Amino acid sequence: MFRSFGAGVECMKFRETQVIVFANQKGGCGKTSSTVATAAAFASLGYRVCVLDTDPQCNATDNFGVDPDTVIRQGRYTLADAYLSKVPAAHIAIAPENRFDGFLSVVPGHRALSSVAARLEKEIFSLMISDGMSDLDAEGIRKEHLLRLRNSIDSLRGQFDVVLIDTPPNLDFLMTSALVAADWYVVPVFASGYDLKGLETLTRTIDKVRKQYNPALKLAGVLLGNYDRKTLLDKQVHELLRERFTPALVFATVIGRSVRFREAAMAQLTIFEYSPGQEAAEHYVSLVKEMINRGAKGGVNATLNPFPSQQTVEQVIGADPDELEVAHG
Ligand SMILES: Nc1ncnc2c1ncn2[C@@H]1O[C@H](COP(=O)(O)OP(=O)(O)OP(=O)(O)O)[C@@H](O)[C@H]1O
Ligand SMILES: [Mg+2]
């Protein structure tokens with residue numbers, strides 16, 4: 001049913017693998033749809049893509065027609081094993097058959113991801129009891145646990161152009177470890193009911209991750225989805241985001257509202273493989289082109305290197321949160 005991925009550095013378009021996490025602790029703001037559709041867009045343009053599903057809900061895994069229980073029955077691993085047994089992601093990745101000509105692989109999630117943090121904590125507790133470990137030792141082990149995903153993903157570097165990580169809707173261990181592992185983060189927000197205060201909380205977490213674990217983590221952009229061109233409010237929200245975060249921090253591409261996302265997901269297809277989804281798919285092609293063009297201005301060996309500079313991000317996001325508040329009309 002599944003086969004191992006067959007990429008390799010000689011097949012890559014980017015000089016280096018770019019790890020991009022879709023992060024927002026708010027539920028239902030388009031993290032999974034964007035991860036899946038961006039992956040499909042990259043793959044359809046001939047880039048090697050690997051999707052990692054850190055969400056115990058496994059929606060992204062599902063969307064690629066991969067069943068975690070079948071994976072386990074076949075004696076293979078899921079992402080939970082990267083956390084619990086330090087299995088390299090390259091040993092977990094599978095290329096769903098007849099999808100994207102092998103350009104797309106998936107590191108499947110599993111519902112067991114929901115208990116990973118508790119299980120790792122329990123291990124620390126046992127060590128403290130049996131080995132008389134100190135609190136300081138425990139802190140060191142906790143740090144190592146947070147780095148496990150990053151270390152596991154290292155095995156994918158040089159094999160794929162992009163590694164895209166879908167995350168659960170909270171700021172717990174799984175989300176934090178994904179931020180520790182990534183080069184870039186994209187913040188998906190829905191035009192309807194989005195919440196800038198939530199973005200502030202996310203930013204604070206990202207600042208801590210940067211300071212303690214991953215100083216290289218950069219914002220690729222805020223992505224506005226579920227966007228209705230006919231609604232004035234949605235247009236205003238986009239303008240406001242660009243005004244507040246500077247145009248460089250908000251993707252010019254917006255993802256239009258379309259029922260095709262839900263339909264495609266129910267059919268376990270991406271919008272690229274679901275024929276009524278063509279229009280929706282074009283938005284993601286445009287997003288991916290925007291990401292790439294912001295980089296080294298094309299070229300086969302271009303490295304994805306979207307603007308803006310870290311300094312701009314800090315200047316803008318470091319602003320007074322009240323300044324950033326949006327009044328809903
Ligand atoms: N552009 C869009 N237009 C209309 N519906 C959309 C769009 N993008 C996503 N959706 C739908 O919105 C719902 C939430 O999207 P999605 O599952 O991607 O969010 P999420 O942030 O991953 O949610 P969770 O936090 O639960 O993981 C889904 O039913 C999805 O099909
Ligand atoms: Mg999701």
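As the structure is a computational prediction, the values presented were derived from the model and not from experiment. First listed ligand is number 1; within each ligand, the first listed atom is number 1.
Classification of E139 and K143 as a salt-bridged pair fails, no side-chain N sitting under 4.0 Å from a carboxylate O. For the pair D234 and R257, the salt-bridge criterion is met [side-chain N within less than 4.0 Å of a carboxylate O]. We find that D207 and R210 are joined by a salt bridge, their nearest charged nitrogen and carboxylate oxygen being less than 4.0 Å apart. Note on R142 versus D135: no salt bridge recorded, every NZ/NE/NH1/NH2 to OD/OE distance being 4.0 Å or above.
Ligand-side atoms of ligand 1 in range of R257: 3 (N), range being under 4.0 angstrom from any heavy atom. If you number the atoms of ligand 1 from 1 as listed, the ones under 4.0 Å from a heavy atom of I255 come out as 1 (N). Those atoms of ligand 1 with a heavy atom of D55 less than 4.0 angstrom away are 27 (O). Each of the atoms 1 (N), 2 (C), 3 (N) of ligand 1 lies under 4.0 Å from some heavy atom of G256.
Considering both main-chain and side-chain atoms, G27 never comes within under 3.5 Å of ligand 1 through any nitrogen or oxygen pair. In terms of polar-atom proximity, V259 is not counted as a contact of ligand 1, lacking any N or O under 3.5 Å from an N or O of the ligand. Considering backbone and side-chain atoms together, P169 places no N or O closer than 3.5 Å to any N or O of ligand 1.
Heavy atoms of C29 approach ligand 1 to within less than 4.0 angstrom. Contact between Y227 and ligand 1 is absent, with no heavy atom of the residue lying under 4.0 Å from the ligand.
Closest to atom 19 (O) of ligand 1, if we only count protein heavy atoms, is G30 N, 3.0 Å. At the shortest separation from atom 28 (C) of ligand 1 among protein heavy atoms lies R262 CG, 4.3 Å. For atom 25 (O) of ligand 1, the closest non-hydrogen atom of the protein is K31 NZ, 2.9 Å. Scanning all protein heavy atoms for the shortest distance to atom 26 (O) of ligand 1 gives Q57 NE2, 3.5 Å. Distance from atom 5 (N) of ligand 1 to its nearest protein heavy atom, with residue and atom name: S258 O, 3.7 Å. Nearest protein heavy-atom contact of atom 10 (N) of ligand 1 is F190 CZ, 3.8 Å. G28 CA, 3.9 Å is the protein heavy atom nearest to atom 14 (C) of ligand 1. Remark: minimum distance from atom 2 (C) of ligand 1 to any protein heavy atom is reached at F261 CD1, 3.5 Å.
The aromatic ring centres of F173 and Y83 sit less than 6.0 Å apart.
Of the possible donor and acceptor atoms, none in the side chain of S286 sits under 3.5 Å from a partner among the backbone N and O of E282. Looking at T167, its side chain never comes within 3.5 Å of a backbone N or O of M175 through a donor-acceptor pair.
Contacts between S33 and ligand 1, counted as non-hydrogen atom pairs separated by less than 4.0 Å, involve both the backbone and the side chain.
Between E273 and T270, the side chains place a donor N or O and an acceptor N or O closer than 3.5 Å (distance only, hydrogens not considered).
Nearest to atom 22 (O) of ligand 1 by heavy atom, out of L224, T32, N24, D166, is T32.
Environment of CZ in F100: crowded, with over 12 heavy atoms of neighbouring residues, nucleotides or ligands closer than 6.0 Å. Counted within 6.0 Å of CD on E279, heavy atoms from surrounding residues, nucleotides or ligands total 12 or fewer; the atom is thus considered open.
Screening C29, P188, S33 for a side chain to side chain contact (heavy atoms under 4.5 Å, CB included) involving F22 leaves a single residue, P188.
In this structure, Y47 and F14 have tilted ring planes: the angle between them lies in the 30° to 60° band.
At least one N, O or S atom of T32 sits under 2.8 Å from the Mg ion (ligand 2).
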